[in-house]
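Below you'll find the structure, written out as structure tokens, and then a few comments.
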Amino acid sequence: MKLTSIAAVTVLAASILYSVSLTSSADDAGTQRHTVPVDSPLRDLAKRQDLLIGTAVDYDAFNADTVYRERIATEFSSITAENVMKWQLLEPERGKLDFTAADELIAAAKRSGQKVRGHTLLWHNQLPTWLTEGVASGEISPAELRNILRKHVIDVASHFRGKLYQWDVVNEVIDDDANLRDTIFLQNLGPGYIADVFRWARQADPKVKLYLNDYNVEGLNAKSDAYFQLVKDLLRQRVPVDGFGAQGHYGVQFGFHSASEVMTNLRRFEDLGLETSITEVDVRMIMPPDTVKLQAQAQGYSVLLQGCLLARKCTSFTVWGYTDKYSWVPGFFTGEGAANLLDENFAAKPGYRELQAVLALAGR
């Protein structure tokens, strides 16, 4: 079946579900159980599944746009700081940490009854200039880099101790050829830095769930295989890895995995003792949008949520921004966009209605 046909069937099913009463008998006595209307906020629909529904939050938009801020509070049970917990923003000047923006988001989440995912303790991008230039010039030696990294991880994880439920500890450490990514950390510290960072994070925060996180690992492929092997290797070394995060950055033009494949992939990590999460979902398209692309987009969101629900220990499902008004996609992928659940005017797109339907059906 062509992608267009699949997407059309999916959205049709969602529209049918949307019109159906979801009240059903709770037992043979015919008593009625409580149901959540299908047009409820995502956080209310997901609560029946013990699933946290989250969004990445643009700090500047959060402060400037009341509609954006209020919709986050009502729609989501979890938030992730899109940028303000990354090393570049936390420590732009060596030795001077600034947690102000991150702390404000955490305080707002607490007021809204939301949990917070930490993103990210270590990534090869968005590093402070003083660090990258110091390593490149030789001013920062490998031994000093290790000390700097240890201090960063312990300082940051200690500051947020008890305030987060998950941390993306090491982000995108495997490249698209399924090899360890060639970064300043691998070049100077060797592959053991990955285990070190997890151990330091656990030392600083004994209770938060510690995650590996990456893109293009939603299904079964060489890259997710490499992560599976990495996790096994780390666990054999008694490294405290608690979770595996599949980001979920999809593109309509590339097609999608099936929900069954997503489930199968997540379950193999769960069989190792990890929990799993879908951590950064968006489904971009070549501009401009049209009905067929929007229907296909809904399918992309749907298979990831279904895969998460079908897995045994998928604990959270996070979209990487929820409105096209503040999407990162157009600035990174030339000629592409419209990747989020709501449009620039905060109107729901088919993808949003699809997630409502899937959650409502799962809660029956």
Side-chain angles (χ1 to χ4, degrees), residues 1 3-24 35-49 51-56 67-68 70-78 218 248-252 255-259 262 278 280-285 287-310 314 316-327 329 337-364:
M1 186 181 290
L3 176 62
T4 300
S5 301
I6 294 172
V9 169
T10 302
V11 176
L12 177 60
S15 65
I16 292 171
L17 280 169
Y18 191 76
S19 65
V20 172
S21 169
L22 295 179
T23 303
S24 61
T35 59
V36 179
V38 71
D39 59 349
S40 299
L42 296 175
R43 66 183 291 174
D44 295 341
L45 292 163
K47 189 174 183 180
R48 294 285 300 275
Q49 307 305 312
L51 179 70
L52 291 166
I53 291 284
T55 183
V67 175
Y68 176 79
E70 291 178 349
R71 189 64 180 264
I72 289 171
T74 59
E75 196 72 56
F76 300 101
S77 51
S78 168
E218 298 75 23
H249 293 296
Y250 273 169
V252 164
F256 316 116
H257 305 98
S258 67
V262 174
I278 307 295
E280 302 185 20
V281 185
D282 49 35
V283 185
R284 66 187 186 273
M285 63 188 68
M287 298 297 280
D290 60 32
T291 299
V292 172
K293 293 175 188 176
L294 291 171
Q295 290 173 340
Q297 180 181 69
Q299 173 73 357
Y301 276 103
S302 183
V303 297
L304 290 170
L305 179 58
Q306 289 180 54
C308 176
L309 290 170
L310 290 167
C314 186
S316 65
F317 181 94
T318 297
V319 295
W320 206 245
Y322 72 94
T323 169
D324 294 335
K325 186 174 182 180
Y326 300 110
S327 174
V329 170
N340 301 114
L341 295 172
L342 307 186
D343 68 15
E344 297 90 340
N345 298 311
F346 298 94
K349 293 155 69 175
Y352 176 79
R353 297 301 182 198
E354 176 70 8
L355 294 190
Q356 284 183 311
V358 169
L359 290 169
L361 183 58
R364 293 189 67 181

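On a predicted model such as this, the values are computed, not experimentally measured, just so you know. All heavy atoms count here, side chains included; hydrogens, waters and symmetry mates do not. One is the number of the first residue; the rest follow in order along the sequence.
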Next item on the list: Answer yes or no: is there a donor N or O on one side and an acceptor on the other, between the side chain of Q297 and the main chain of A338, under 3.5 Å?
Entry: yes
Checklist line | Atom pair OG1/CG of T318 and L304 - distance to nearest 0.5 Å | finding: 12.0 Å
Next item on the list: Say whether, by atom type as modelled, one donor and one acceptor occur between the side chain of E354 and the main chain of Q299 under 3.5 angstrom.
Entry: no
Item checked: Criterion side-chain contact (heavy atoms from CB on, under 4.5 Å) on L359 and I53, from CA distance to verdict -> CA-CA 11 Å; L359 290 169; I53 291 284; 4.3 Å; yes
Item checked: 4.5 Å side-chain heavy-atom contact, Q356 and L45 -> yes
Notebook entry, point to check: Among D282, T323, V283, L355, whose side-chain contact (heavy atoms from CB on, under 4.5 Å) with L341 holds?
Noted result: L355
Checklist line | Pair V281-L305, side-chain contact (heavy atoms from CB on, under 4.5 Å): steps then yes or no | finding: CA-CA 10 Å; V281 185; L305 179 58; over 6 Å; no
Note to self: Please give me the minimum heavy-atom distance between C308 and S316, naming the atom from each residue.
What the structure shows: SG-O, 4.1 Å
Margin query: Is there a side-chain contact between T74 and F76 in this structure, where contact means two heavy atoms from C-beta onward sitting under 4.5 Å apart?
Written below: no
Notebook entry, point to check: For the atom pair OG (S40) and CZ (R48), what is the distance rounded to the nearest 0.5 Å?
Noted result: 10.5 Å
Checklist line | Side chain R284, main chain N340, donor-acceptor under 3.5 Å | finding: no
Next item on the list: Indicate the atoms forming the closest heavy-atom contact of Q306 with A259, along with that distance.
Entry: CB-CB, 3.6 Å
Margin query: Over 60° means perpendicular and under 30° means parallel, so tell me whether Y250 and F256 are parallel, tilted or perpendicular.
Written below: tilted
Next item on the list: Evaluate the side-chain contact (heavy atoms from CB on, under 4.5 Å) criterion for residues C314 and I278: first the C-alpha distance (whole Å), next the side-chain angles of each, then the deciding distance (0.1 Å), finally the verdict.
Entry: CA-CA 8 Å; C314 186; I278 307 295; 4.3 Å; yes
Check: Is there a donor-acceptor pair under 3.5 Å between the side chain of E218 and the backbone N or O of G248?
Finding: yes
Next item on the list: Look at the side chain of K293 and the backbone N and O of P288, then say whether any donor-acceptor pair between them is shorter than 3.5 Å.
Entry: yes
Checklist line | salt_bridge(K349, D324) N-O dist < 4.0 Å | finding: yes
Next item on the list: Ignoring hydrogens and angles, tell me if any N or O in the side chain of N345 forms a donor-acceptor pair with the backbone of A347 under 3.5 Å.
Entry: no
Check: Which heavy atom of V329 sits nearest a heavy atom of A339, and at what distance?
Finding: CG2-CB, 3.8 Å
Item checked: Under the side chain to side chain contact (heavy atoms under 4.5 Å, CB included) test, residues paired with A362 that sit two or more places apart -> Q49, L309
Next item on the list: For M285 and L294, run side-chain contact (heavy atoms from CB on, under 4.5 Å): C-alpha distance rounded to whole Å, both residues' side-chain angles, the deciding distance at 0.1 Å, then the answer.
Entry: CA-CA 9 Å; M285 63 188 68; L294 291 171; 3.8 Å; yes
Notebook entry, point to check: Does the ring of Y352 carry R71 above it, NZ/CZ under 6.0 angstrom from centre and within 45° of its axis?
Noted result: yes
Notebook entry, point to check: Looking only at heavy atoms, what is the nearest atom pair of A360 and V38, with distance?
Noted result: CB-CG2, 3.4 Å
Check: Looking at the rings of Y322 and Y68, which for Trp means the six-membered one, are their centres under 6.0 Å apart?
Finding: yes
